Number of protein chains: 4
Amino acid sequence: MERTARREQVLKCAVRVFSRKGYHATTVSDIIAEAGVARGTFYLYFKSKRNIFDELLDDYLQRILSQVRRVDMSEGAEPPLDQMRGEVERILGVLLGSRELSRILLHEAVGLDADFDRKLDEFYSRLAALTEGSLRLGQTMGLVTECDVRVASLCIIGSVKEVVDHLLIEPDALPETSILAEEVLNIILGGLFVPSARTRPAQAP
Amino acid sequence: MERTARREQVLKCAVRVFSRKGYHATTVSDIIAEAGVARGTFYLYFKSKRNIFDELLDDYLQRILSQVRRVDMSEGAEPPLDQMRGEVERILGVLLGSRELSRILLHEAVGLDADFDRKLDEFYSRLAALTEGSLRLGQTMGLVTECDVRVASLCIIGSVKEVVDHLLIEPDALPETSILAEEVLNIILGGLFVPSARTRPAQAP
Amino acid sequence: MERTARREQVLKCAVRVFSRKGYHATTVSDIIAEAGVARGTFYLYFKSKRNIFDELLDDYLQRILSQVRRVDMSEGAEPPLDQMRGEVERILGVLLGSRELSRILLHEAVGLDADFDRKLDEFYSRLAALTEGSLRLGQTMGLVTECDVRVASLCIIGSVKEVVDHLLIEPDALPETSILAEEVLNIILGGLFVPSARTRPAQAP
Amino acid sequence: MERTARREQVLKCAVRVFSRKGYHATTVSDIIAEAGVARGTFYLYFKSKRNIFDELLDDYLQRILSQVRRVDMSEGAEPPLDQMRGEVERILGVLLGSRELSRILLHEAVGLDADFDRKLDEFYSRLAALTEGSLRLGQTMGLVTECDVRVASLCIIGSVKEVVDHLLIEPDALPETSILAEEVLNIILGGLFVPSARTRPAQAP
DNA sequence: AATGAATGAGTCTTCATTCAT
DNA sequence: AATGAATGAAGACTCATTCAT
């Protein structure tokens, strides 16, 4: 078999097993059994169990980040709010489209070890930075309420994570992706309280 | 030393070590070294490494749940909105008051194994159920916008988790707890968009 | 069993096995089988297979070096020549008294790896330095011929090694230790050629 | 590439690597990387890693042995003493001329395994037998002192090994080859002690 | 004649748990 | 109530060798 094909195959099998059993419970034996290759073959393509996990998640993080764009303010671009909704939709799409990888991201990769925590940290920081940027921009345009954008971006990220996580466990518990995105957006961004009930009335018109 | 005191001491040390190194990286040797007891002593009080972790987290989950109350609608009770704000404040307080345990809850306990995932699942489900109840109530009272309360409760929980997690890593990154609770509430519950900018205008006044 | 006793026992067994099978052919399984202990017990006392080998040989090198004394020139001391003979005898005695360790020193430890080579190197250098010192002293006293003492000390060391090595293979091939020491001394130090036949007649009588 | 040429090339590369890293630390991968051939190619020319090492050392042992001649007593031959000096010089020459192979012989081949030890043993035995023969002859001619020739030959061999070994580590530590041979001969054969100081006066003429 | 992907037996090492004192 | 020596199952990783192309 060709080098890249075999590599890809083993990687795919590893995703499956890691997602099913978790990082620690997964043994190299499990992976090679799933892939139907010999022990040595595994090490022909990956330096270690840790290494294949790294790689697999790095790819995924990359893929997710690539979906996040800065809000485009240029003439004729989509309305900023629609852009943000699109963002959330796209990310939800990626996460729910690769359930196994998402499970790994949200469950198995958490608390793996110090190095990995750092890596995830950086990922979420970057995500947060991008989100903050968009929010800040929205504020200058008068579309987003005055608030601590750092906290706000954490809320958006946390909400998406929690919703996705829930859907990984009970796939049919919530509405379909596109509706869901809409819903999440309305809740997080639009607020739960009816305007008149708000603590600090958010800028009455 | 007295049975309960010793037990408590070992438990406390275990929290420290688990928080610092994570569940898998922590060995029983680490724990007994921290506690300054012999190996045998550990097993005198706890059935296994897994068992002490269980116990320690169960206690914590219990403590957190005890902070969550159903919204009280009886005559003369606090205004519902204030109650919810109090809820979030109390939970944030507990989580940020026990940083080590929170670290364990949010990092080390995640993806530990199937059994544990189930346990956490149940915990978050219960939390969500309570939250949903309050939200639903708010809706009947016209205080909460029409929305999928299941999604909304996930957003609230996810936001709190994410904010706390961030504060565990960088303790001084965000405003002080009480202000933070206010902020989180305004963002999640009050919404980010200024009312006039909302996708589906939530109840035009 | 007491810590030191058990440690000593395992060490002794390791010597036996290493001597019999060589470093690389010896597995930890071999050692624990010989010692009749469990796998974990081995690692309770020694960090690794390499580590037990190190320790075992370090001890031996130490023991050998402790036998080498500088020639004592003070009033009333033994005649220098007798001292040197005593030296050779003592060393031969140690080496032939611990055949297994000597086998390890001369066979298994050679070419083990770069680190070990360095260690042996340093050992032989120290041995050579001590020998050179004695020879140089002998020269100033007119007892030792003019020659390159560095070469001479290498010859002495090499001769002892070769003789011992031979005796490890065929224990009864050569005369008994004390006679052997005498013989080696006469040959190395006294020379093989009858004086009149020497290349550069060393001090015609 | 032609069969013999390719074979020779791989062999040469193997010498280099074995000398640098030692037998055990050298992997077949190292050798083929050095030679720039594919894995399969290696096994086209050599049965195994062990086999190429065998071959390489066998060749060398052969080459060394071929330098050792019985002392020629026939009418008109060189004086026996000069012949012996020539012997030592030639052997030193060969050993110092092929430093990598000598390193392998003196370091990596020692204690490799039982089979190999036997092979080396036989080599040194043959060398010793030849040397003993010459010494015995020297004795009958009155040129060599009365002594145990078995011990004497071991001393000669051991001295040469040690001196060469030292020179492999520090190439410039000792005098140049030809002078060195002279020196070694004078020391081993001629003796270190001035005649009057000898234990058992070596047969005063 | 050459390649290099695949194999799997073989070892070291870790660590939770037990139990005699 | 406490100790700590002993256990052994489990798992990661290496590398010489084979064989289809």
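Quantities reported herein were computed from a predicted structural model and do not represent experimental measurements. Values below: all heavy atoms of this structure, side chains included; hydrogens, waters and symmetry mates excluded. Sequence lines set the chain letters: A, B, ... in the order given, protein chains first and strands last, and positions in each chain run from 1.
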Let me spell it out: for each of A:His24 and C:Glu2, pick the nucleotide of DNA chain F with the closest heavy atom. Which residue's pick is nearer the 5' end?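 Its nearest nucleotide being more 5', the pick is C:Glu2.
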Test applied, side chain to side chain donor-acceptor pair (under 3.5 Å); reference residue, D:Glu122; option that passes from D:Arg126, D:Arg118, D:Lys119: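 Answer after filtering D:Arg126, D:Arg118, D:Lys119: D:Arg126.
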Expected output is a numbered-order residue list: members of residues 40-53 of chain B with a heavy atom under 4.0 Å from any atom of DNA chain F. What is it? B:Gly40, B:Thr41, B:Leu44, B:Tyr45
Which nucleotide, in any strand shown, forms a Watson-Crick or G-U wobble pair with F:dG11, with both distances under 3.5 Å?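 Its partner is E:dC12.
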Counting Watson-Crick and G-U wobble pairs only, both distances under 3.5 Å, name the nucleotide matched with F:dT21, or none.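 Paired with F:dT21, as far as the under-3.5 Å criterion goes, is E:dA2.
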Under a 3.5 Å distance rule, please check whether B:Ser98 uses its side chain to pair with a backbone N or O of B:Leu101 as donor and acceptor. no
Measure the acute angle between the ring planes of C:Phe116 and C:Phe53, then classify it against the limits of 30° and 60° as parallel, tilted or perpendicular. tilted
A:Arg103/A:Glu108 ion pair, N-O < 4.0 Å: yes
Side chain to side chain contact (heavy atoms under 4.5 Å, CB included) between B:Glu34 and B:Arg20: does it pass, once the steps are laid out? CA-CA 12 Å; B:Glu34 182 89 13; B:Arg20 199 187 319 137; 3.1 Å; yes
Derivation of the side-chain hydrogen bond (donor to acceptor under 3.5 Å, both in side chains) call for D:Tyr43 and D:Ser48: CA-CA 7 Å; D:Tyr43 286 92; D:Ser48 66; over 6 Å; no
Can you pull out the residues from residues 25-38 of chain C that lie within a 4.0 Å heavy-atom distance of DNA chain E? C:Thr26, C:Thr27, C:Val28
Verdict with supporting geometry, D:Arg50 and D:Asp115, side chain to side chain contact (heavy atoms under 4.5 Å, CB included): CA-CA 11 Å; D:Arg50 177 55 195 273; D:Asp115 279 353; 3.9 Å; yes
E:dA2, OP1 or OP2 - any side-chain N/O from D:Arg39 closer than 4.0 Å?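 For E:dA2, neither OP1 nor OP2 has a side-chain N or O of D:Arg39 closer than 4.0 Å.
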Taking only side-chain N and O atoms of C:Arg3, does any of them lie within less than 4.0 angstrom of OP1 or OP2 on F:dA5?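 The answer is yes; a side-chain N or O of C:Arg3 sits under 4.0 Å from OP1 or OP2.
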Quickly work out the C:Arg6 CZ to E:dT21 P distance and round it to whole Å.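 Whole-Å distance recorded here is 13 Å.
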Here the gap from A:Leu11 atom CG to A:Ile52 atom CD1, rounded to the nearest 0.5 Å, amounts to 5.0 Å
